There are 2 protein chains.
Amino acid sequence: MTRVLVVDDEPQILRALRINLRARRYDVEVAGDGAAALRLAASHRPDIVVLDLGLPDMDGVQVIRGLRGWTNVPIIVLSGRAGSQDKVAALDAGADDYVTKPFGVDELLARVRAVTRRAAGAGEEVPAVEIGRRTVDLTAHAVRTADGAEVRLTPTEWHLLEILVRNPGRLVSQRQLLHDVWGPQYQSETNYLRQYMAQLRRKLEDDPSRPRHLLTEPGMGYRFQP
Amino acid sequence: MTRVLVVDDEPQILRALRINLRARRYDVEVAGDGAAALRLAASHRPDIVVLDLGLPDMDGVQVIRGLRGWTNVPIIVLSGRAGSQDKVAALDAGADDYVTKPFGVDELLARVRAVTRRAAGAGEEVPAVEIGRRTVDLTAHAVRTADGAEVRLTPTEWHLLEILVRNPGRLVSQRQLLHDVWGPQYQSETNYLRQYMAQLRRKLEDDPSRPRHLLTEPGMGYRFQP
DNA sequence: GGCAGTCGTCAAGATCACGTCAAGAACCGC
DNA sequence: GCGGTTCTTGACGTGATCTTGACGACTGCC
């Protein structure tokens with residue numbers, strides 16, 4: 001039985017979601033503030049968290065960070081405002097999806113199904129990918145040229161490359177790359193990214209000045225194109 | 001069976017819509033004023049609301065807000081005057097579409113079908129949509145032509161396109177687009193919209209001068225037609 | 001038919017983001 | 001301590017992107 005933790009400070013929303021989710025055979029826990037949410041998450045280990053950003057005791061983004069410190073349980077965020085600032089902040093902090101109030105129960109249920117599906121399918125292996133004449137083997141932690149010679153990457157280069165390769169074809173935002181490689185406080189130091197992307201291209205691309213697999217999306221981020 | 005709530009103060013319109021919708025196998029409830037509309041919406045949970053803005057007891061926009069406080073049921077607005085400011089306010093308040101009186105029943109039925117289609121698919125993954133020969137993949141943040149070549153969009157172009165594509169078939173007001181893309185203080189700079197909509201059409205439409213998917217609704221806003 | 005408002009288009013300068021180079025600081029194995 | 005590697009940080013030229021203004025075409029209204 002899938003366990004859902006619903007965090008909201010409005011009793012009528014808690015009530016509505018509890019009724020609807022229980023009717024769909026979810027095991028539902030509710031919390032009215034951030035502190036209770038973190039406590040219940042730790043004790044009950046939910047499979048999904050539905051989190052309202054507007055809580056009385058603490059910022060919703062803080063709750064996300066608190067959860068993400070020790071779990072990667074899927075988090076669906078509810079927010080009263082459609083403003084994209086909140087959305088970006090929540091997603092950057094580690095939320096999985098985002099629903100703007102007012103929302104239909106059907107829509108929320110659909111998103112719950114979507115993230116559970118995604119969580120179930122996560123963890124698939126990406127054994128080896130090709131970049132030009134080089135082969136990147138994530139499990140072996142090695143890069144080789146066509147004739148077997150090894151290409152040495154520094155730890156930071158590996159970290160960056162790994163994130164991109166694990167999201168083939170997908171755009172990865174600069175903020176996310178900086179957050180994952182350098183940490184939360186480095187989210188605007190884009191010169192680090194420029195520096196290391198250039199090094200990766202020099203080591204991996206056939207023609208570093210004309211990258212075909214490690215692509216820049218100006219103003220947004222980078223993409224690994226298989 | 002799809003439940004429709006029709007709200008209008010003119011008995012002959014109520015009668016005509018009830019007959020026509022029932023003939024199409026919709027389950028029809030009617031209300032003559034805003035208070036009755038809110039009451040019936042709460043008790044009967046309609047799948048669509050058709051709402052006349054000119055009600056005797058309260059402003060139609062207030063009715064929309066009252067509904068949007070707890071549900072995102074599709075709302076189609078009927079308005080007496082074309083080009084009225086009311087319609088923009090209604091869209092900004094959360095209406096999904098509008099029809100100007102006098103209207104043909106066929107047109108209204110077409111809109112009803114459009115918004116129900118949209119509501120059914122809401123919340124599910126929107127992996128890729130087609131615009132002419134191009135495919136827009138929101139999760140990968142990529143646009144490709146039929147032969148696999150990549151179409152490059154700037155951050156602002158993406159932002160604008162994303163809002164439209166996430167509301168397929170729905171009319172999005174200029175104010176909302178400007179607010180979401182450029183921020184709260186840019187709500188009257190419609191020349192930005194004209195500029196970027198033109199760029200999107202050049203990059204996405206098969207015939208940019210005759211757009212078939214990125215449509216202009218004069219005086220109101222823009223619509224993405226799948 | 002004139003008029004006001006809106007839309008699509010073009011063009012320009014201002015601004016921003018990127019790739020690159022370079023140099024000092026920190027780290028590590030010996 | 002020392003040499004080499006890696007990481008951090010700053011600066012700069014170039015090109016892309018954003019912003020802004022202006023103009024003609026079109027539409028609906030008087």
Side-chain angles (χ1 to χ4, degrees), chain A residues 143 150-161 164 171-175 177-178 180-183 185-205 207-223, chain B residues 79-85 87-88 91 100-102 141 143 150-161 164 171-175 177-178 180-183 185-205 207-223:
Chain A
V143 178
E150 192 168 337
V151 179
R152 291 183 57 87
L153 297 185
T154 73
T156 307
E157 288 165 2
W158 256 113
H159 204 161
L160 188 57
L161 178 64
L164 291 170
L171 171 71
V172 186
S173 73
Q174 310 180 65
R175 294 175 62 100
L177 290 170
L178 286 164
D180 289 359
V181 177
W182 281 272
Q185 66 271 34
Y186 285 84
Q187 299 199 1
S188 60
E189 310 284 335
T190 61
N191 45 338
Y192 292 7
L193 284 180
R194 300 205 297 275
Q195 172 73 0
Y196 278 89
M197 286 303 300
Q199 290 183 29
L200 282 176
R201 283 170 179 153
R202 270 198 292 276
K203 293 184 177 181
L204 299 176
E205 290 275 2
D207 182 357
S209 65
R210 226 174 306 234
R212 300 190 52 220
H213 301 90
L214 300 172
L215 306 180
T216 301
E217 298 285 341
M220 298 184 286
Y222 293 86
R223 178 200 312 274
Chain B
S79 171
R81 283 167 304 173
S84 152
Q85 199 56 36
K87 288 193 296 196
V88 176
L91 291 172
T100 304
K101 289 186 186 180
H141 247 251
V143 178
E150 198 166 330
V151 178
R152 177 143 296 187
L153 298 185
T154 72
T156 307
E157 288 164 2
W158 257 113
H159 206 157
L160 189 57
L161 178 65
L164 291 170
L171 171 53
V172 185
S173 72
Q174 300 178 348
R175 291 174 59 100
L177 289 171
L178 285 165
D180 287 0
V181 176
W182 281 272
Q185 65 271 34
Y186 285 84
Q187 299 199 1
S188 60
E189 310 283 336
T190 60
N191 46 337
Y192 292 6
L193 285 179
R194 299 203 297 276
Q195 170 75 359
Y196 278 90
M197 285 304 299
Q199 290 183 28
L200 282 176
R201 283 170 178 153
R202 269 198 293 277
K203 292 184 177 181
L204 299 176
E205 289 275 1
D207 181 356
S209 64
R210 230 174 309 242
R212 299 189 52 219
H213 300 91
L214 300 172
L215 307 180
T216 301
E217 298 280 341
M220 300 283 131
Y222 293 87
R223 181 199 306 269

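Letters A, B, ... are given to chains in the order of the sequence lines, protein chains preceding strands, and every chain is numbered from 1. What you see is a predicted model, and the numbers here were worked out from it, not measured in a lab.
As rounded to whole Å, 7 Å separates atom C1' of D:dT8 from atom OH of A:Y196. We find that CG of B:L178 is positioned 14 Å from C1' of C:dT6, with the value rounded to whole Å. One atom, CZ of B:R210, and another, P of D:dA25, lie 18 Å apart when rounded to the nearest Å. Atom-to-atom, CZ of B:R152 to C1' of C:dA17 comes out at 13 Å; the value is rounded to the nearest Å. The CD atom of B:Q185 sits 14 Å away from the C1' atom of D:dT19 (whole-angstrom rounding). Note: CG (A:L214) to P (C:dC18) measures 15 Å, nearest angstrom. Taking atom CD of residue A:Q199 and atom C1' of nucleotide D:dC7, one finds them 9 Å apart after rounding to whole Å. Protein atom CD of B:E157 is 12 Å distant from nucleotide atom P of D:dT19, rounded to whole Å.
For the pair A:K203 (side chain) and A:R152 (backbone), a donor-acceptor distance under 3.5 Å is present.
In this model, the phosphate group of D:dT8 is not approached by any side-chain N or O of A:Y186 to a distance below 4.0 Å at OP1 or OP2. Of the side-chain N and O atoms in B:T154, none sit less than 4.0 angstrom from OP1 or OP2 of D:dT17.
Contact annotation: the side chain of B:Y222 never approaches that of B:L215 to less than 4.5 Å [non-hydrogen atoms, C-beta and beyond].
A centroid separation of less than 6.0 Å is found between the aromatic rings of A:W182 and A:Y196.
The existence of a salt bridge linking A:E157 and A:R202 is excluded, since no basic side-chain nitrogen approaches an acidic carboxylate oxygen closer than 4.0 Å.
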Would you list the protein and nucleotides 28-30 of chain C atom pairs, both N or O, that sit under 3.5 Å from each other?
none

Using a cutoff of under 3.5 Å, can you pull out all pairs of nitrogen or oxygen atoms linking the protein to nucleotides 7-9 of chain C, with atom names and distances?
{"residue": "C:dC7", "atom": "OP1", "partner": "B:Q174", "partner atom": "NE2", "Å": "2.9"}
{"residue": "C:dC7", "atom": "OP1", "partner": "B:G219", "partner atom": "N", "Å": "3.0"}
{"residue": "C:dC7", "atom": "OP2", "partner": "B:Q174", "partner atom": "NE2", "Å": "3.4"}
{"residue": "C:dG8", "atom": "OP1", "partner": "B:R201", "partner atom": "NH1", "Å": "2.8"}
{"residue": "C:dG8", "atom": "OP1", "partner": "B:T216", "partner atom": "OG1", "Å": "2.6"}
{"residue": "C:dG8", "atom": "OP2", "partner": "B:Y222", "partner atom": "OH", "Å": "3.1"}
{"residue": "C:dG8", "atom": "N7", "partner": "B:R194", "partner atom": "NE", "Å": "2.8"}
{"residue": "C:dG8", "atom": "O6", "partner": "B:R194", "partner atom": "NH2", "Å": "3.3"}

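Atoms CG and CG, on A:L178 and A:L193 in that order, are 4.0 Å from each other to the nearest 0.5 Å. Rounded to the nearest 0.5 Å, atoms CG (B:L160) and CD (B:Q199) are 10.0 Å apart. Atom-to-atom distance recorded for B:Q195:CD and B:E189:CD is 13.0 Å, nearest 0.5 angstrom. Here the CG-CD distance, from A:L200 to A:E205, works out to 9.5 Å after rounding to the nearest 0.5 Å.
The heavy-atom pair separating B:L91 from B:S173 by the smallest distance is CB-CB, 4.3 Å.
Judged by distance alone, the side chains of B:R175 and B:T190 never bring a donor and an acceptor atom under 3.5 Å apart. B:T216 and B:R201 share a donor-acceptor pair across their side chains, judged by distance under 3.5 Å alone.
Axis angle between the ends of the helix from C:dG1-D:dC30 to C:dC30-D:dG1, five pairs each and rounded to 10 degrees, works out to 40°.
For A:W182, whose side chain is taken as the heavy atoms from C-beta onward, the closest listed nucleotide among D:dT8, D:dC18, D:dT19 is D:dT8.
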